[in-house]
Number of protein chains: 2
Amino acid sequence: MNDTPPQTRIQARNRAVILDAALEVFAARGFRGATLDRIAQVAGLSKPNLLYYFRSKEALHLAILENLMELWLAPLRALDPEGEPRTQIMGYVRRKLEMSRDHARESRLFANEILQGAPRARPVLEGTLKALVDEKAELIAKWADEGRIAPVDPHHLIFSIWALTQHYADFEVQLHAIMGETDPFPAAEAWLERVFGAVLDPAAPPADRT
Amino acid sequence: MNDTPPQTRIQARNRAVILDAALEVFAARGFRGATLDRIAQVAGLSKPNLLYYFRSKEALHLAILENLMELWLAPLRALDPEGEPRTQIMGYVRRKLEMSRDHARESRLFANEILQGAPRARPVLEGTLKALVDEKAELIAKWADEGRIAPVDPHHLIFSIWALTQHYADFEVQLHAIMGETDPFPAAEAWLERVFGAVLDPAAPPADRT
DNA sequence: CGTGAATTTTACCGGGCGGTCAAATCGATG
DNA sequence: CATCGATTTGACCGCCCGGTAAAATTCACG
């Protein structure tokens, strides 16, 4: 699987620099909108030199995607079957929101990829991601059955967590246009605690069950 | 304001065809990723012919954005100060979700634009959109003050509605990878009613007010 | 059905794109 | 400090892109 283990010090450094620059540019422009010239420029290298480290634009994008996958799935992976349900889920929400604050570029890169049909990420989505989501959804369903959280649709709960947290990274420009210079994250954290607190509260079952 | 009123029948038809094709392509690939050749191909016209109707790629994209803005803001605009608060807000959620179902391309076009820094839409965001959001946020705040809905942060409530509903259009590929062929919208509608029902319920104030 | 305007097509251009290649330079090792 | 592989560069290629020019075609209307 690991095709090119970085050997020399120079290789390790330049690969890292390139990956960072590419993350920047891919996140801001999408795959087709990004250019190798610009990535090279941001990385402070010549384009042929960049292509010395990554065979092609495609290979570079794939390398980023692979690198990111672990980081991206970690919060959901950390959902602990042994933990207290509400604490676990609220912790997941908090970690995902921190992800949007501290790794906005990664979030936008994923958003770009998926928006444009996930031509490169689809295998990962259908493989690793689906397996992980199904596993955790089952866990959440169990918690709901046991009455430890309100009865919820586990998949849509997870989607909601993704949507609400990633929104703060992906649509930052829009929030900024509306809210001005204010840092939205403190308020966002309180708000999300409020929202999912209300949704998960086992004492308050679905409002209007007709 | 309206610079080029379509006069002949041919103009009206072709402009419409082009705008539809361009919506398709811009939504799927973003501005820089879209090409005039592809748009022309989808529209069933030659590229110079397309450029006969729209001076440039830029102008075409702007025309789409203008066309879309009304459609896009309509649901929020429809929030009625005279209506019953919860009905109004739940109606807004429902209309936004219908938007994601019936106008997914439009949603993805906006998402692309904003993700990539809204280089063309920023004026609208900071002008029309901000004004509208501020107005409706004030309305929601009033409702909350009057105790007719739970005390909420109006801006973050609106962002949440956007995030949750648009997610179903913008990240469709991801949902599809996880959920398979199932149409997510019926479940989504029930789920969102559940979520916002719980959040707005004035009987259940913020869980842990420290 | 002739005519002038509206529309469409063919041919093209300059620039930027992803990528290649061979030569130049660097750097670790003896 | 010589050597040889690792790294970097400059020059270049073929293609695609946004856009233009002008000729060819079609259309509305008298």
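All chains are named by letter (A, B, ...) in the order of the sequence lines, taking the proteins before the strands, and each is independently numbered beginning at 1. Basis for what follows: all heavy atoms, side chains included, without hydrogens, waters or symmetry-related copies.
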Report task. Run the ring-centre check on B:His156 versus A:Tyr168 and record whether the distance is less than 6.0 Å. Result -> yes

**Report entry** Geometric cation-pi criterion, B:Arg105 with B:Phe26: 6.0 Å, 45°
**Finding:** no

Query raised in the report: Does the distance from a Lys or Arg side-chain N to an Asp or Glu carboxylate O, for A:Asp37 and A:Lys47, drop under 4.0 Å?
Result: yes

Query raised in the report: Which word best sums up how the rings of B:His167 and B:Phe171 line up, parallel for under 30°, tilted for 30 to 60°, or perpendicular for over 60°?
Result: parallel

Query raised in the report: Distance under 6.0 Å and angle within 45° of the ring axis: does A:Arg94 meet both against A:Phe196?
Result: no

Report task. Please list all pairs passing the ring pair (Phe, Tyr, Trp, His ring centres under 6.0 Å) test where one or both residues lie in residues 88-138 of chain B, with sequence neighbours left out. Result -> B:Trp72-B:Phe110

Report summary line: Rounding to the nearest 10°, end axes of the helix from C:dC1-D:dG30 to C:dG30-D:dC1 built from five pairs each make an angle of 20°

Query - Interatomic distance where CZ belongs to A:Arg55 and C1' belongs to C:dC21 [whole Å] - result: 17 Å

Query - Heavy atoms of other groups near A:Arg120 CZ, more than 12 under 6.0 Å - result: yes

Requested in this report: For each nucleotide in nucleotides 5-18 of chain D, reading 5' to 3', give B when a protein heavy atom comes within less than 4.0 Å of its base, S when such contact involves only the sugar-phosphate, and - otherwise.
Outcome: -SBBBBB-----SB

Query raised in the report: Could you walk me through whether A:Val199 and B:Arg194 pass the side-chain contact (heavy atoms from CB on, under 4.5 Å) check?
Result: CA-CA 8 Å; A:Val199 169; B:Arg194 167 100 153 62; 4.1 Å; yes

Query raised in the report: Rounded to whole angstroms, how far apart are CZ on A:Phe54 and C1' on C:dG18?
Result: 16 Å

